[in-house]
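Comments concern the structure below.
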Amino acid sequence: MLVDTDLLLSFGGTSHNFNTNDTIFFENETPKYYYQIISGNVKLNYTDEDGRELIQSLLTDGESVCELLLFVDEKYPMNAVAISECTVIRLAKEEFLKMLKDHPKASSNVQKYISKTLYQKFIMMQNISSPSAEKRIRGTLQYFKSFSDNKAAYTYEVKLTRKQFACITSLRTETVIRYLKKLEKEEIVKIEKGKVFY
DNA sequence: ACATTAAGTGGTG
DNA sequence: CACCACTTAATGT
């Protein structure tokens, strides 16, 4: 957990459940709460001019959802949507900031978390901005696997659907499917029963 | 069993 | 590559 659950609760945090596809907050809303995922997966997305979904980030257990917006006076540039059943702790912005002031350790953790995710964002930006679709896909695979402790080949299972993978790499799902198949032939990736292992 | 979503294929521009 | 059409596989209710 980014911030200790009990600490969040002691400052007035409340637990909320979301079902798959429930929206936690919408683009353009004013950030008013700190959200920390107890369990489940959340995506940050928006729809571009052509009506295409772009996934900016995927979050999971223990992470907070776009906490950086609580430090600037801006509106959410994207939506936060549950992509599985989720339990989330929600804490009002003012209380969250007060908590950080009173608890340097928590403050430092949040600071590190923001730095880490920003760093990861840079890496992903480099992957996705490659003109080569194959590099975009391989870079994204590498990025995901980098969070796994097991570095051996075919030990990382891609938990995303082809469609979600496409939304992250800004490619069409057919393209993702074809390249994954190509990578399978080249033994860079292994596909079993639709599951992709890298 | 029926409806829906995901994966996979072929062809075109 | 994207886009379109369509088949098959996997899931959901």
Side-chain angles (χ1 to χ4, degrees), chain A residues 15-29 35 37-63 65-66 76-90 117 120-198:
Chain A
S15 181
H16 300 263
N17 294 315
F18 294 91
N19 292 316
T20 305
N21 290 327
D22 282 353
T23 299
I24 296 172
F25 59 68
F26 286 93
E27 177 178 355
N28 246 304
E29 279 182 3
Y35 298 93
I37 303 169
I38 300 303
S39 65
N41 296 288
V42 173
K43 69 180 174 185
L44 299 182
N45 73 345
Y46 71 96
T47 305
D48 72 10
E49 314 74 47
D50 302 323
R52 191 165 305 162
E53 176 189 13
L54 276 128
I55 296 178
Q56 293 190 319
S57 188
L58 293 165
L59 305 167
T60 185
D61 300 15
E63 298 191 284
V65 185
C66 216
Y76 284 121
M78 77 300 252
N79 316 292
V81 181
I83 54 176
S84 73
E85 288 210 340
C86 291
T87 300
V88 174
I89 297 235
R90 193 183 78 177
T117 52
Q120 291 165 356
K121 211 87 200 87
F122 282 130
I123 303 289
M124 267 311 276
M125 237 182 276
Q126 292 172 3
N127 288 334
I128 293 172
S129 58
S130 165
S132 153
E134 182 167 343
K135 283 182 184 172
R136 293 224 286 271
I137 290 173
R138 293 183 65 164
T140 303
L141 286 171
Q142 185 58 52
Y143 169 80
F144 285 139
K145 187 177 174 115
S146 72
F147 300 106
S148 165
D149 293 327
N150 197 336
K151 303 302 177 197
Y154 313 131
T155 54
Y156 174 74
E157 179 191 344
V158 179
K159 309 259 184 187
L160 303 174
T161 64
R162 310 291 192 269
K163 184 181 177 186
Q164 289 173 323
F165 203 96
C167 288
I168 289 174
T169 51
S170 290
L171 295 168
R172 306 302 281 119
T173 93
E174 298 95 315
T175 302
V176 169
I177 288 171
R178 283 165 178 143
Y179 272 100
L180 284 177
K181 288 242 151 193
K182 177 170 178 276
L183 293 178
E184 181 186 25
K185 278 200 182 72
E186 297 170 356
E187 298 186 324
I188 288 162
V189 89
K190 200 166 65 179
I191 300 177
E192 282 175 4
K193 203 180 61 127
K195 302 285 185 186
V196 179
F197 295 88
Y198 176 64

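Below, chains carry the letters A, B, ... as their sequence lines are ordered, and counting in each starts from 1.
- Using a 4.0 Å heavy-atom distance criterion, A/S132 is classed as a sugar-phosphate-only contact.
- Here the side chain of A/R162 pairs no donor or acceptor atom with the backbone of A/I177 at under 3.5 angstrom.
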Which side-chain N or O atoms in residues 39-47 of chain A pair as donor and acceptor under 3.5 Å with protein atoms at least two apart or in another chain?
| residue | atom | partner | partner atom | Å |
| --- | --- | --- | --- | --- |
| A/N41 | OD1 | A/T60 | OG1 | 3.1 |
| A/K43 | NZ | A/E53 | OE2 | 2.8 |
| A/N45 | OD1 | A/N79 | ND2 | 3.2 |
| A/N45 | ND2 | A/E53 | OE2 | 2.8 |

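- Atom CD of A/E85 has 12 or fewer heavy atoms from other residues, nucleotides or ligands within 6.0 Å.
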Generate the contact string for nucleotides 4-13 of chain C. Rules: B means base contact, S means sugar-phosphate contact only, - means no protein heavy atom under 4.0 Å. B---------
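- Between atom CD of residue A/Q126 and atom CE of residue A/M124 there is a gap of 11.0 Å, rounded to the nearest 0.5 Å.
- Scanning DNA chain B 5' to 3' for nucleotides with an atom closer than 4.0 angstrom to a non-hydrogen atom of chain A gives a first and last hit of B/dA7 to B/dG11.
- For the side-chain hydrogen bond (donor to acceptor under 3.5 Å, both in side chains) test, residues two or more places apart in sequence or in another chain that qualify with A/N17 are A/T87.
- With hydrogens and angles disregarded, no donor-acceptor distance shorter than 3.5 Å links the side chain of A/T23 to the backbone of A/F26.
- A distance of 7.0 Å separates CG in A/L160 from CD1 in A/I83, rounded to the nearest 0.5 Å.
- At a threshold of 4.0 angstrom between heavy atoms, the contacts of A/S170 are confined to the sugar-phosphate backbone, with no base atom among them.
- With sequence neighbours excluded, the residues forming a side-chain hydrogen bond (donor to acceptor under 3.5 Å, both in side chains) with A/E186 are A/K182, listed by chain and number.
- For the pair A/V196 and A/L183, the minimum side-chain heavy-atom distance is 4.5 Å or more.
- Under a 3.5 Å cut-off, the side chain of A/K163 and the backbone N or O of A/R172 do not form any donor-acceptor pair.
- A heavy atom lying under 4.0 Å from DNA chain B marks none of the residues of residues 42-55 of chain A.
- Applying the ring-ring contact (aromatic ring centres under 6.0 Å, His included) test to residues at least two apart or on different chains, the pairs with a partner in residues 125-150 of chain A are A/Y143-A/F147.
- An angle of 10°, rounded to 10°, separates the two end axes of the helix from B/dA1-C/dT13 to B/dG13-C/dC1, each defined over five pairs.
- For DNA chain B, the residues of residues 155-165 of chain A within the heavy-atom distance limit of 4.0 Å (strictly under) are A/T161, A/R162, A/K163, sorted by number.
- Looking at residues two or more places apart in sequence or on another chain, you find a salt bridge (charged side-chain N to carboxylate O under 4.0 Å, His left out) between A/R138 and A/E134.
- The list of ring-ring contact (aromatic ring centres under 6.0 Å, His included) pairs with a residue in residues 161-195 of chain A, not counting sequence neighbours, is empty.
- Annotation: side-chain hydrogen bond (donor to acceptor under 3.5 Å, both in side chains) contacts involving residues 147-159 of chain A, sequence neighbours excluded, comprise A/K145-A/T155.
- Residues A/V189 and A/V158 are not in side-chain contact: their nearest non-hydrogen atoms beyond the backbone lie 4.5 Å or more apart.
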